[in-house]
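Here's the structure, in structure tokens; my notes come after.
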Amino acid sequence: VGFTATPFANIFIDPESYNAMVAEDLFPKDYIYSLNAPSNYIGARNIFSEDGQAKYMLEEIDDNIENPESIAFILPLRHKSTIQVRKIPEDLKTAIAAFMLANTIEDLRGMKKNHRSMLINVSRFTAVQEQVADLVNEYVKEMQSACRLYCKLDVDKAIQDERIAKLKETYESIYSEITLEWETVQHALHNSCAGIIVQAINQRNGKNLSYDEYKEGLRLIAVGGMSLSRGLTLEGLVVSYFYRNSKMYDTLMQMGRWFGYRKGCLMRVLNGIDTLVKLQMSCVKKLSVMKIPALRQWILACVYVQISHH
């Protein structure tokens, strides 16, 4: 009997191999039984299916290469480690504003000591990650300064500042279901967001990050690539900005750190993921109706077709 949450690698073992080490591979001979996800688990099906209960979490990234404010223009999916990143895209600014608001909302709900994290995953290159982290840090400090100067003012006066206006606009568009009055949120912004820090997490930096050292709760914007995709667990992940691609389905799914057990969730995913994500839902539907040989061939065929289009 085998039990696994990541069965994809087993499918890629060559079924025709005569090698003694892999001939009796891990792909089951008799049957597969797909366990239903618990009600508090949020996975690909909840977010990406047409009727997903968590579909509201997903915000599409602007990948219009013609728009100079888009990630596709500023930092294309295919880029070299030598690329110079000179600004951050507009929807990343929106994601940062959403993270600041999530911190404020949770504080107003009485959860002041909770860890909260934001993920930014836009490049596999360490040098690029550090450029992005520096630009994000500059923008966060600018937003924190605006909150310190203007958040205690009356709403009409405060929103004359474009950064406070940006926060109000983001609150009304992304957190429209929250019943708190904007004035209440605005007046709490500085206290809730002053402690937000930005950290590049990769082979050079952030490897020793420990949430346990922050007894009052860490407020972290983590910028990285592989270390975020497969390594470090981000506590209290509430916002993800994700613009990556992969031809390997299991690698792509592991990058999706927003999947997991959520309660009272303020989470938002700004996402540029490709259509491979939707393969999982098709695979699960087939498990209960196909015999093992047919299932395996069907999965391999689907993966081949999807990869051949990228």
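These numbers come from the heavy atoms of this one structure, side chains and all, not from hydrogens, waters or symmetry mates.
- Side chains of Asn67 and Asp62 form a contact here, defined as non-hydrogen atoms less than 4.5 Å apart.
- None of Ile120, Asn121, Ile61 except one satisfies the side-chain contact (heavy atoms from CB on, under 4.5 Å) rule with Phe242; the exception is Asn121.
- Of the inter-residue distances, the one linking Cys151 atom SG with Asn191 atom CG reads 7.0 Å to the nearest 0.5 angstrom.
- Contact check for Ile83 versus Pro76: side-chain heavy atoms found under the 4.5 Å cut-off.
- The pair Lys168-Glu172 meets the salt-bridge criterion, since a charged nitrogen lies less than 4.0 angstrom from a carboxylate oxygen.
- Between the side chain of Glu169 and the backbone N or O of Thr94, no donor-acceptor pair lies under 3.5 Å.
- Residues Met143 and Val155 share a hydrophobic cluster, clusters being chains of Ile/Leu/Val/Met/Phe/Trp/Tyr side chains in contact below 4.5 Å.
- In this structure the side chain of Leu220 never reaches within 4.5 angstrom of the side chain of Tyr214, judged on heavy atoms.
- Using modelled atom types, one side-chain atom of Asp161 and one backbone atom of Arg163 make a donor-acceptor pair closer than 3.5 Å.
- Between Met100 and Thr104, the closest side-chain pair of non-hydrogen atoms is not below 4.5 Å.
- A distance of 10.5 Å separates CG of Leu92 from CG of Leu75, quoted to the nearest 0.5 Å.
- For His187 against Leu153, the heavy-atom pair with the smallest separation is NE2-O, 3.3 Å.
- Here the closest heavy-atom approach between residue Lys113 and residue Lys215 is recorded as CD-O, 4.3 Å.
- Across all non-hydrogen atoms, the minimal contact from Ile159 to Ala165 is O-CB, 3.5 Å.
- Ala102 approaches Tyr175 most closely through the heavy-atom pair CB-OH, 3.6 Å.
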Decide side chain to side chain contact (heavy atoms under 4.5 Å, CB included) for Ile178 and Arg109; before the verdict, give the C-alpha distance in whole Å, the side-chain angles of both, and the deciding distance to 0.1 Å. CA-CA 11 Å; Ile178 303 298; Arg109 288 176 171 178; 3.3 Å; yes
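- Side-chain contact of Lys112 with Ser192: a donor-acceptor pair under 3.5 Å is absent, judged by distance alone.
- Using a distance-only test at 3.5 Å, with no hydrogens or angles considered, no donor-acceptor pair links the side chain of Glu69 to the main chain of Pro89.
- Note that the CD atom of Glu235 and the OG atom of Ser210 stand 9.5 Å from one another [nearest 0.5 Å].
- Residues Glu142 and Lys93 are not paired through a salt bridge, judged by the lack of any N-O separation under 4.0 Å between the basic side chain and the carboxylate.
- Side chains of Arg116 and Asp107 form a contact here, defined as non-hydrogen atoms less than 4.5 Å apart.
- A donor-acceptor contact shorter than 3.5 Å is absent between the side chain of Lys152 and the backbone of Leu149.
- Nearest heavy atom pair, residue Ala127 against residue Ser81, reads CB-O, 4.0 Å.
- Proximity of a side-chain donor or acceptor of His190 to a complementary backbone N or O of Ala146 within less than 3.5 Å is not detected.
- By the 4.5 Å heavy-atom criterion applied to side chains, Leu180 and Leu108 are counted as neighbours.
- One side chain, Asn205 or Glu130, offers a donor N or O that lies under 3.5 Å from an acceptor on the other.
- With no hydrogens or angles considered, no side-chain donor-acceptor pair links Tyr243 and Asp63 at under 3.5 Å.
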Test side chain to side chain contact (heavy atoms under 4.5 Å, CB included) on Val238 and Met118 and set out the steps. CA-CA 6 Å; Val238 289; Met118 174 179 174; 5.8 Å; no
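- Hydrophobic clustering (ILVMFWY, side-chain heavy atoms < 4.5 Å, transitive): Leu77 and Ile74 are in one cluster.
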In sequence, state the C-alpha distance, the side-chain angles, and the governing distance for Phe99 and Leu119, and then conclude on side chain to side chain contact (heavy atoms under 4.5 Å, CB included). CA-CA 10 Å; Phe99 181 63; Leu119 173 155; over 6 Å; no
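- One distance of note links OH of Tyr211 with CG of Leu209; it measures 6.0 Å at 0.5 Å rounding.
- At a threshold of 4.5 Å between non-hydrogen side-chain atoms, the residues Leu189 and Asn103 do not count as touching.
- The CD atom of Gln186 sits 11.0 Å away from the CG atom of Leu101 when rounded to the nearest 0.5 Å.
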Side chain to side chain contact (heavy atoms under 4.5 Å, CB included) for Ser117 and Leu218? Distances and angles first, verdict last. CA-CA 8 Å; Ser117 303; Leu218 177 60; 5.9 Å; no
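- Relative ring orientation between Phe125 and His79 is described as perpendicular, the plane-to-plane angle rising above 60° on a 0-90° scale split at 30° and 60°.
- To the nearest 0.5 Å, atom CD of residue Glu181 and atom OG1 of residue Thr179 are 8.5 Å apart.
- The shortest distance between side-chain heavy atoms of Ile197 and Ile221 does not fall below 4.5 Å.
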